[in-house]
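Here the structure is laid out as structure tokens; the discussion comes afterwards.
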There are 2 protein chains.
Amino acid sequence: MHKSRRNDKAAAAPAGALTMADLARLAGVSKITVSRALSENGIVAAGTRDKVRALAAEHGYKLNVSARNLRLRQSHTIAVIVEMKPSVNRPMSDPYPLELLGGIAQELATANYSVLLTTTRQGALAPAVQAADAVILLGQGARQQAVHLFDRLRLPMVVWGAPGADDAHVVVGSDNRQGGASAAERFVSLGRHHPVFLGDTDHAEMAERHAGFVTHLKAYGIAPLVVNHKAFTAESGFDAVRVLLRRKTHFDAVFAINDLLAMGAVRALIEAGLRVPEDVTVIGYDDIPLGAAFIPPLTSVHQNWHEGGVLLARKALALFRGEKVASETLPSRLVVRAT
Amino acid sequence: MHKSRRNDKAAAAPAGALTMADLARLAGVSKITVSRALSENGIVAAGTRDKVRALAAEHGYKLNVSARNLRLRQSHTIAVIVEMKPSVNRPMSDPYPLELLGGIAQELATANYSVLLTTTRQGALAPAVQAADAVILLGQGARQQAVHLFDRLRLPMVVWGAPGADDAHVVVGSDNRQGGASAAERFVSLGRHHPVFLGDTDHAEMAERHAGFVTHLKAYGIAPLVVNHKAFTAESGFDAVRVLLRRKTHFDAVFAINDLLAMGAVRALIEAGLRVPEDVTVIGYDDIPLGAAFIPPLTSVHQNWHEGGVLLARKALALFRGEKVASETLPSRLVVRAT
DNA sequence: CGGTATCTTGATATCGGTAACATTCGATGC
DNA sequence: GCATCGAATGTTACCGATATCAAGATACCG
């Protein structure tokens, strides 16, 4: 009554400043009883519980998360660090970070956890990141950064990407090697003997696709022509294939490590008067929506990003709980369409 | 020494359990002195400050954010709610939520704020959301939801979208009306007299684009053919144009409210033997990276999402501080390429 | 040299919850 | 009828930081 706290500052933040103590007074019980009544597994008489809950609802009581986190010594928060590098040769057209994010958010929400989002590019990490229970790292060149962060934060960490030799941290990713193999498999089953691999073999994930592709073909005595290509755009795919055609290279199949490259390739082939897939078969990677809407609809290797996000979240939580967690690779599957 | 706290649970969370009190003991000063030494504007002797800071760095001291937030009665957190509706007719290929998110994260980081990410789709909001200092809402059908949330949370809120009649909350969006007008402008300057509008006029933002487009043309006595179209995919753009061609509709320009639609339209035109842009000019909307990589490169209306994110963040913070904040519309601009 | 102004540091209380232990009270057993 | 048990609730003490007010140390003034 006498404490005119309501007149503080903007009265915005402390507006709903109803605490458990207030609620306890209203209900004629003690703080702890209120706490127990509101908590899921508190041992309270049904009558009291209902009364308290009704009162809480009526007055719009909000639990003070900071207080609880402080007392419980945990944050109920997982930090997600997204590497935002709108690099020249890798347009941010990829919907994948957002899909991963969606999966992560969904899974963590069901576990009653919050997602704290941070992007690199901004200099320092938000201070709250170090308070998180665990960290999930998304991004391409994430590897070195990951180690760096790990040392600095000393937090459980899960990384999205290609599993590497260094197993310093848990990695979740889709099976790029198998993806490459499934493309090879299809070429073989179609009787193609002169396939071309189009992509950047220096990139960790792409290297996996390349390895899977080459290895599988080798079993059939087929050695693909590898066109090492740094850029990831449709235009560069178009150009690459045009160069092949101009040189009169003989090939009857193209596996591009990315749908844009594949679409560019298809366009170049058609423009040169070749038929797709009769003369040359083309397989892309990522199965982006545009590929399905492409004309002709693109055959592509699909990755399940949403599920990847869910998995990342689960592993991060498990890691925090001190459970033993292993890296995991998600299967990818070839979606056969018209090319 | 005697407190074997280290053996708690997984020893993961309380591992770096170095508190200010510990640090104070090490430095031979009191807690509050440590607090002041670490805070930016604390009044402490230079010697003490350096000593404390060195000690903190050496032992990897981490500030307990929960404790500070509790004491300071604020969360230093802004909740971002992303409406994730992987609806059939609106593929999540749009990179825009991620770009907005990037802008928001960047701006908030410089203000030393954290981003708490939540998606709809998950039933209940994370409990931490109500602790946030403000809320930013991203998503298409956000409008009704927004009001609902506003009432429930009683938090300052900023919404991304088209400014509507109801000014219950602050809205940031790009100028769809102007975007539509700039497409019209280009058609006029090219001397096109039979333009087609392709898109869903029921959708708030699209309706704005339509209005701008029609209004601008009207000044020149031109009435476009409006093809009301619910879907947002390339395929549906393709189909829509094919229908027009089959009906022998006469038109020399197409304005699609989305790049995918536009690309589908271009494809249909080319397939029908028409030349783009000589016979029919096509303008898309959003200027997605895919469009630039399209063959031929797509002319499109560009929206500055990153800046939009920054603006959303700024307004959310201002709102929290109790400042007067108005809705704002960002200019969009036509990027002329080959179509 | 006494006294006050300034600078630096400290003791204490507090933010809003929850764990651990204590207490009350009715029910049950013998 | 008395002891015992268990359910329901309360008391107290924290979690780790910071604001407030007070006190000690040092410098400066006439």
Side-chain angles (χ1 to χ4, degrees), chain A residues 3 5-6 8-9 13-53 56 59-76 127-128 130-131 133, chain B residues 3 5 8-9 13-53 56 59-76 112 127-128 130-131 133:
Chain A
K3 284 207 274 177
R5 177 191 296 165
R6 212 122 302 213
D8 274 354
K9 311 178 58 174
L18 195 68
T19 75
M20 275 199 174
D22 299 333
L23 214 52
R25 213 172 304 126
L26 286 170
V29 295
S30 72
K31 283 203 303 179
I32 188 70
T33 302
V34 174
S35 172
R36 289 197 264 245
L38 296 179
S39 107
E40 210 50 58
N41 45 4
I43 311 146
V44 197
T48 349
R49 193 192 55 211
D50 294 346
K51 187 170 73 178
V52 170
R53 289 197 174 179
H59 292 272
Y61 166 74
K62 293 197 233 169
L63 175 76
N64 184 320
V65 186
S66 296
R68 192 183 65 182
N69 285 346
L70 172 58
R71 181 65 236 236
L72 296 180
R73 293 153 151 267
Q74 54 156 331
S75 64
H76 253 265
Q130 47 180 231
D133 289 346
Chain B
K3 285 207 275 179
R5 176 190 297 164
D8 275 354
K9 312 177 57 174
L18 197 68
T19 76
M20 276 199 174
D22 300 331
L23 214 52
R25 212 171 305 124
L26 287 170
V29 295
S30 72
K31 286 201 303 179
I32 187 69
T33 302
V34 173
S35 172
R36 289 198 265 246
L38 295 179
S39 110
E40 209 49 61
N41 45 3
I43 311 145
V44 197
T48 340
R49 192 190 57 211
D50 294 346
K51 186 171 72 178
V52 171
R53 290 198 173 178
H59 292 272
Y61 165 74
K62 294 195 232 169
L63 176 76
N64 185 319
V65 186
S66 297
R68 193 182 68 183
N69 286 345
L70 172 58
R71 181 63 237 239
L72 262 33
R73 294 153 152 265
Q74 54 156 316
S75 65
H76 253 263
N112 235 301
Q130 49 181 228
D133 289 345

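A note on names: the letters A, B, ... follow the listed sequences, proteins ahead of strands, and every chain is numbered from 1. Quantities reported herein were computed from a predicted structural model and do not represent experimental measurements.
For B/M20, the listed nucleotide lying nearest its side chain is D/dT18; candidates were C/dG16, D/dT18, C/dT18. Of all nucleotides listed (C/dG16, D/dT18, D/dG16), D/dT18 comes nearest to the side chain of B/S35. Minimum atom distance to the side chain of A/L72 is reached by C/dA19, of the listed D/dA17, C/dG16, C/dA19.
Terminal axes of the helix from C/dC1-D/dG30 to C/dC30-D/dG1 (five pairs each, C1' rotation axis) are separated by 50°, to the nearest 10°.
Atom CD1 of A/I43 sits in a sparse spot, with 12 or fewer heavy atoms from other residues, nucleotides or ligands closer than 6.0 Å.
The CG atom of B/N69 sits 14 Å away from the P atom of C/dG17 (whole-angstrom rounding). Between A/L70 atom CG and D/dT18 atom C1' there is a gap of 13 Å when expressed in whole angstrom units. Distance A/K62 NZ to C/dC15 P: 18 Å, rounded to the nearest Å. In this structure, A/R25 atom CZ and C/dG16 atom C1' are separated by 13 Å, rounded to whole Å. Straight-line distance from the CG atom of B/L18 to the C1' atom of D/dA17: 14 Å, rounded to whole Å. Distance A/L23 CG to C/dT18 C1': 15 Å, rounded to the nearest Å. In this structure, B/D22 atom CG and D/dC15 atom P are separated by 10 Å, rounded to whole Å. The CZ-C1' distance, from B/R68 to D/dC15, rounds to 17 Å in whole Å.
By the side chain to side chain donor-acceptor pair (under 3.5 Å) test, A/S66 is found to be paired with no residue, residues two or more places apart in sequence or in another chain being considered. Shown here are the side-chain contact (heavy atoms from CB on, under 4.5 Å) partners of B/R71, two or more places apart in sequence or in another chain: there are none. Residues satisfying the side chain to side chain donor-acceptor pair (under 3.5 Å) test with A/T33, not counting sequence neighbours, are A/S30.
Of all heavy-atom pairs between A/A21 and A/K31, the closest is CA-CG, 3.8 Å.
For the pair A/R73 and D/dG16, the criterion of a side-chain N or O lying under 4.0 Å from OP1 or OP2 is met. Distances shown here put a side-chain N or O of B/Y61 below 4.0 Å from the OP1 or OP2 atom of D/dA17.
Counted by atom type alone, A/S75 and A/D133 present one or more donor-acceptor pairs between their side chains at under 3.5 Å.
A/V34 is not listed as a side-chain neighbour of A/Y61, based on a closest heavy-atom distance of 4.5 Å or more.
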Could you go over nucleotides 5-12 of chain C and give all protein N or O partners under 3.5 Å, atom names and distances?
from	atom 1	to	atom 2	distance (Å)
C/dT9	OP1	B/T48	OG1	2.8
C/dT9	OP2	B/A45	N	3.0
C/dT9	OP2	B/T48	OG1	3.4
C/dG10	OP2	B/S30	N	3.0
C/dG10	OP2	B/S30	OG	3.1
C/dG10	OP2	B/T33	OG1	2.6
C/dG10	N7	B/R36	NH2	2.9
C/dG10	O6	B/R36	NH2	3.3

Side-chain donor-acceptor pairs of residues 44-53 of chain A under 3.5 Å, sequence neighbours excluded:
from	atom 1	to	atom 2	distance (Å)
A/T48	OG1	A/A45	O	3.3
A/K51	NZ	A/A27	O	3.4
A/R53	NE	A/A37	O	3.0
A/R53	NH2	A/A37	O	3.2

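Remark: side-chain polar atoms of B/H76 are paired, donor with acceptor, to backbone N or O of B/N112 under 3.5 angstrom.
In this model, a side-chain donor or acceptor of B/R71 finds a partner on the base of C/dT14 within 3.5 Å.
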